[in-house]
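Working notes, beginning with the structure itself.
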Amino acid sequence: YHRGIGRTLVCVGLAPSFEKQFETFKKYRDNVDVAIVDKALGPCIDGGVKPDFVFLSDAMIDYEQWCEPWVDKTDGIVLISNVTANPKWSKNWKGPVYYTVNKDNIGTQDIYGPITGCPDQIPASSNVGNSVVVFATQFMNYSKYILLGYEFVFADDHTYYAFGEKNDLVHNKRYWMRHGVSIDSTGRLTYITQNLLFTCRWLGDYYKAELQPHHVDIVNCSGGNILDGVPMRDLERSMRHAPNRKITPEERARILQDTAKVKSIPASQTAAQELKDTLGVTPYVAEIAIKYYEPEVIQWLNKITA
């Protein structure tokens, strides 16, 4: 939950702006953490960028096409998967794997939560790109979030997906997935699908209802887009000056308080006498609670504390 304090996270969707600005993204990658959607794994690895997180939401995301060619390079990358997503990804993934359950109007969380034993829920956010934003802003606590590949429209000279011409099964989507016409933030004529429109409106409402009131620092660096409300910024400037600071002693204390674990153990036969010697009374001791920190937490805190 506290991983992002003092740092910036770039949230990457597989839209044309991701391809257009890939070299800038790559140039400043070391200034930030990176969370990408499932289908962006190949372009990132092939382009020399190893992400920190990959998000997987759907059961129909083909493992053989979108993951298998690069799966041997996923060590150290965290996969965050919906419990109903394609299980081949998590089965073969080399890095850590974490799961979430969608909380939605059809009660997915009440069905698949108990079946899988996964209690961790996020609001159903309409697509994997939005789930990156929702999960990151609710659980990762970064100081700043940058959106790339979140324009929700495509023009005549765009493929539907970034790097789409390399994927013969999908690049023709730009010819038949034209459900409407829109004007993007640069005044350019673009095309939109019903799903993109719904997804865009969902994320815009989430920003206005949840992120803006809580002063979450989030900007959209996708260039021409139709995402309402989220401030637009230049990608190079945003990544070059991305926050990257040590946490303060006050933040360290809060993290320790939030991450402390408590374990109860049965009291030994001598516990009562030991407490009598300490407290001056003879208590009846059934168990003793021990508060502790995991070594990894302390090591991480020592590394990032000012």
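What's counted below: heavy atoms across the whole structure, side chains too, no hydrogens, waters or symmetry copies.
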- Query: Just how far is it from atom OH of Tyr98 to atom CZ of Phe53, taken to the nearest 0.5 Å?
  - Reply: 9.0 Å
- Message: Testing the basics here: between Phe154 and Pro16, what is the closest heavy-atom pair and its distance to 0.1 Å?
- Response: CB-CG, 4.5 Å
- Message: Whether the side chain of Ser222 engages the backbone of Gly149 through a donor-acceptor N/O pair (distance < 3.5 Å, no angle test) should be reported.
- Response: yes
- Query: Will you find, in the side chains of Lys39 and Tyr161, an N or O donor that is under 3.5 Å from an N or O acceptor?
  - Reply: yes
- Non-hydrogen atoms of Ser17 and Leu148 that approach each other most closely: O-CD1, 3.8 Å
- Task: Please report the closest heavy-atom contact between Ser90 and Pro87, naming both atoms and the distance.
- Result: OG-O, 3.2 Å
- Task: Answer yes if Val181 and Tyr160 sit in the same cluster of Ile, Leu, Val, Met, Phe, Trp and Tyr residues linked by side chain heavy atoms under 4.5 Å apart, and no otherwise.
- Result: yes
- Message: Closer than 4.0 angstrom, basic N to acidic O: yes or no for Lys88 and Glu68?
- Response: no
- Atom OH in Tyr63, atom CH2 in Trp93: separation rounded to 0.5 Å? 9.5 Å
- Message: Which residue in the set Thr8, Asn244, Asp52 passes side-chain contact (heavy atoms from CB on, under 4.5 Å) when paired with Asp33?
- Response: Asp52
- Item | With Lys144, the side-chain contact (heavy atoms from CB on, under 4.5 Å) member among Ile218, Val219, Leu9 | Val219
- Item | Within 45° cone of Tyr191 ring axis and under 6.0 Å: Arg178 NZ or CZ | yes
- Item | Arg245 side chain reached by Ser143 side chain, heavy atoms, under 4.5 Å | yes
- Heavy-atom closest pair (Ala155 atom, Thr190 atom, distance to 0.1 Å) is CB-CG2, 4.3 Å
- Message: Walk me through whether Tyr206 and Trp202 qualify under ring pair (Phe, Tyr, Trp, His ring centres under 6.0 Å).
- Response: CA-CA 6 Å; Tyr206 176 73; Trp202 193 100; 5.6 Å; yes
- Please check if atom NZ in Lys103 has more than 12 non-hydrogen atoms from other residues, nucleotides or ligands closer than 6.0 Å. no
- Query: Are Pro231 and Tyr207 side-chain neighbours, meaning at least one heavy-atom pair lies under 4.5 Å?
  - Reply: yes
- Between CZ of Phe152 and OG1 of Thr193, what distance do you get to the nearest 0.5 Å? 10.5 Å
- Quick one: does Cys221's side chain get under 4.5 Å of Met232's, heavy atoms only? no
- Measuring from His241:NE2 to Asp234:CG, what's the distance to the nearest 0.5 Å? 9.5 Å
- Taking C-beta and beyond as the side chain, do Trp300 and Thr259 meet within less than 4.5 Å on heavy atoms? no
- Minimum side-chain heavy-atom gap Leu235-Tyr28 below 4.5 Å: no
- Are the side chain of Glu19 and the backbone N or O of Phe163 linked by a donor-acceptor pair below 3.5 Å? yes
- Message: Run Asn220 and Arg233 through side chain to side chain contact (heavy atoms under 4.5 Å, CB included) and show every step you take.
- Response: CA-CA 6 Å; Asn220 191 354; Arg233 297 290 185 269; over 6 Å; no
- Query: Given side chains that start at C-beta, do those of Val128 and Ser131 come closer than 4.5 Å, heavy atoms only?
  - Reply: yes
- Item | Heavy atoms of other groups near Arg254 CZ, more than 12 under 6.0 Å | yes
- Task: Locate the shortest heavy-atom distance separating Asn82 from Ser57; write the atom from each residue and the value.
- Result: CB-O, 3.6 Å
- Query: Can any side-chain N or O of Gln65 pair as donor or acceptor with the backbone N or O of Asp62 at less than 3.5 Å?
  - Reply: no
- Item | Any Asp58 side-chain heavy atom under 4.5 Å of Asn86 side chain | no
- Look at the side chain of Lys246 and the backbone N and O of Lys303, then say whether any donor-acceptor pair between them is shorter than 3.5 Å. yes
- Task: Calculate, to the nearest 0.5 Å, the distance between atoms CD1 and OG belonging to Ile226 and Ser185 respectively.
- Result: 9.5 Å
- Can you establish whether the number of heavy atoms outside Arg252 located under 6.0 Å from its atom CZ is more than 12? yes
- To the nearest 0.5 Å, what is the distance between CZ (Phe22) and CZ (Arg29)? 10.5 Å
- Query: Any donor-acceptor pair under 3.5 Å linking the side chain of Asn225 with the backbone of Gly223?
  - Reply: yes
- Message: Using every non-hydrogen atom in the two residues, find where Val37 and Gly129 come nearest and quote the distance to one decimal.
- Response: CG1-CA, 3.6 Å
- May I ask you to decide if Thr137's main-chain N or O and Tyr142's side chain share a donor-acceptor pair within less than 3.5 Å? no
- Do Val54 and Ile80 have side-chain heavy atoms sitting under 4.5 Å apart? no
